[in-house]
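Written out below as structure tokens is the structure these notes cover.
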There are 2 protein chains.
Amino acid sequence: MKQLWLFNQINSDLQRVEKELHAYIETDFPVLDQSAVQLLDAGGKRLRPAFTLLAGKFYGYPIDKLLPVAMALELIHMATLVHDDVVDASTTRRGRPTVKAKWGNIVSIATGDYLLAKALELLAQINHPDVSRILAEVSVEMSQGEIQQIKASNDVNQNLKQYYYRIKRKTAMLISASCKLGAIVSSAPRREVWALGAYGHDLGMAFQVVDDVLDVTSEASELGKPVGGDIRQGIMTLPLILALDRSKDKDQLRKILGKTEKTEGEITESIRMIKESGAIEASMHYVDLYINKANTHLQELPNVPTRKALVELACFIKARKF
Amino acid sequence: MKQLWLFNQINSDLQRVEKELHAYIETDFPVLDQSAVQLLDAGGKRLRPAFTLLAGKFYGYPIDKLLPVAMALELIHMATLVHDDVVDASTTRRGRPTVKAKWGNIVSIATGDYLLAKALELLAQINHPDVSRILAEVSVEMSQGEIQQIKASNDVNQNLKQYYYRIKRKTAMLISASCKLGAIVSSAPRREVWALGAYGHDLGMAFQVVDDVLDVTSEASELGKPVGGDIRQGIMTLPLILALDRSKDKDQLRKILGKTEKTEGEITESIRMIKESGAIEASMHYVDLYINKANTHLQELPNVPTRKALVELACFIKARKF
């Protein structure tokens, strides 16, 4: 698991989430066990559990209540990843082969269903109506976002509104829920639950824009997956939408991005055009706006050290390279 | 919706389940809306909602409590169908093209995830810890059954125990839960909740064996999907397992069923061998055993007219042709 130094104050509990998740998803089915563990071990930053724990830090940190919620959030996230891999036809994630690449679509679907079922099981144990309701609402929205992404593939006439609609559902809503639920199970005042949710939403939006920028600007070795994956799959991300508007080669770019199948040469060429158009800098400007907005919401919260950590986390999102 | 005359006493409420499901899954996303509605309209016998309503009939029939549970059960069932279609590579179901055949794997996954999310939303509204717990447990088991089916594909050395393990998870557990939950939300005595669950389990097992027999003996026009689908996909059902043991052509049958790819000629040939072996009659003997067992459990329940309907339902399961 890649550890962020920002998570120092919750480090040992994040490791506990990790360990308990391992035990919780264990099953007697060799393939299922391997695929779920592969997915868990591929790691990631465990952002969602971290947000839940950090939100709890403001309100007495009732770890026994926070832990199952953090686990449920990561299970839902993992399930969407493994189903997305089928949708995206991805072969590597975080430098490792995806479940899909290793075992195929069928195991990917079953693994996702299994992880969702385990999340449902945890929710039944948590037995908190608000937790169940919020996660159900987010799940419905997430599946609708998935469909919108399919529908909008290779559509070069997309606008910013459609893009924001999609990344809100793909990323921001679950991160927002992670913050909110940490506050809710810690009995935070209503106004502060709202503020943490708003912080998570804005941070999640910034996080996804950075992700979409990295897909264009990064190196495969840093990214853990091939660069230009979104372009290859016809996903119209912010840098693409902005470049289609401002590139001096916009007609040529439009032609490439509108194709269902693109050659590697066309992908390299479109990356060059996107970078030259200034779309990367413009995208990062949106990141700044979201991060500033996220930090504003933190002013509503008690001034404890965790608040400073959350501000730093927001700044880190912008600077991240992976 | 194909209506069974046995459901006369709950007919209008089953139609209400249907109508409310239509309204509940409605979404602004054209593809998602169409795929979910296609799945719903393909119909089926709405067995699971029917069992929930019938179970409630024993205990005052609190329809407002029964309705959302019946809907959640059908949503979970629909979600597994649409994900199974990807796994099974089926192109028709109940005489209509599957979501997979019409829109592809990606929409099938998203549609299944959407329906599961809507079920989760309903469960959050129902807010009954036993309902959530039981459906979570069943969902976990169902996804494990799915994996076992993948793992056991084309494995001609399977035994009855493995087969029963699989159909329990594929079918019996959700039907058992349908009966049990109808009783639970109607505040049935504990012992009777158990008896209804046991009835549902045994009936579900019988139902799946009949399904597996029909796949061999039926005509495509009656079945609504191609005959021999299980053989084509390498799913070792009871008639196959029994025929592998008793057919005079067992070596040849073993050779065909063990192949990953089978020609249509080989499928026709294997159907002939299975029928000749007496495996169909032997399978139906197991159906009898399960149905008798199911009816025994009904003796624990109050002697109301619904009890007679459930006995008749069990007998109908055996005689069904679709």
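Labels below follow one simple rule: chain letters A, B, ... track the order of the sequence lines, proteins then strands, and each chain is numbered from 1. Side chains are part of it too, since the values below use all heavy atoms of this structure and drop only hydrogens, waters and symmetry mates.
Remark: B:Lys262 NZ is packed, more than 12 non-hydrogen atoms of other residues, nucleotides or ligands lying under 6.0 Å away.
Atom CD1 of B:Ile147 and atom OG of A:Ser35 lie 5.5 Å apart (nearest 0.5 Å). We find the CD-OG distance between A:Gln125 and B:Ser132 to be 11.5 Å, quoted to the nearest 0.5 Å. Atoms OG and CG, from B:Ser108 and A:Asn105 in turn, are 10.5 Å apart once rounded to the nearest 0.5 Å. With rounding to the nearest 0.5 angstrom, the NE2 atom of A:His128 is 10.5 Å from the CG atom of B:Asn127.
Checked against B:Leu120 for a side-chain contact (heavy atoms from CB on, under 4.5 Å), the options A:Val140, A:Leu120, A:Val138 give a single hit: A:Leu120. With respect to B:Asp113, the side-chain contact (heavy atoms from CB on, under 4.5 Å) criterion is satisfied by exactly one of A:Gln144, A:His83, A:Met142: A:His83.
Contact annotation for B:Leu116: only side-chain heavy atoms (C-beta onward) come within less than 4.5 Å of a heavy atom of chain A. When heavy atoms are compared at a cutoff of 4.5 Å, B:Glu141 does not approach chain A at all. Using a 4.5 Å cut-off between heavy atoms, B:Leu123 contacts chain A through its side chain alone, with no backbone atom that close. With a 4.5 angstrom heavy-atom cutoff, B:Lys151 touches chain A only via side-chain atoms. Neither the backbone nor the side chain of A:Ile134 comes within contact range of chain B; no heavy atoms are under 4.5 Å apart.
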| field | Derivation of the side chain to side chain contact (heavy atoms under 4.5 Å, CB included) call for B:Glu146 and A:Ile109 | value | CA-CA 10 Å; B:Glu146 216 178 307; A:Ile109 295 176; 4.2 Å; yes
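Taking each heavy atom of A:Ala110 and B:Ser143 in turn, the nearest pair found is O-CB, 4.2 Å.
For chain B, the option among A:Ala136, A:Gly112, A:Ala124, A:Ala119 with the highest count of heavy-atom pairs below 4.5 Å is A:Ala136.
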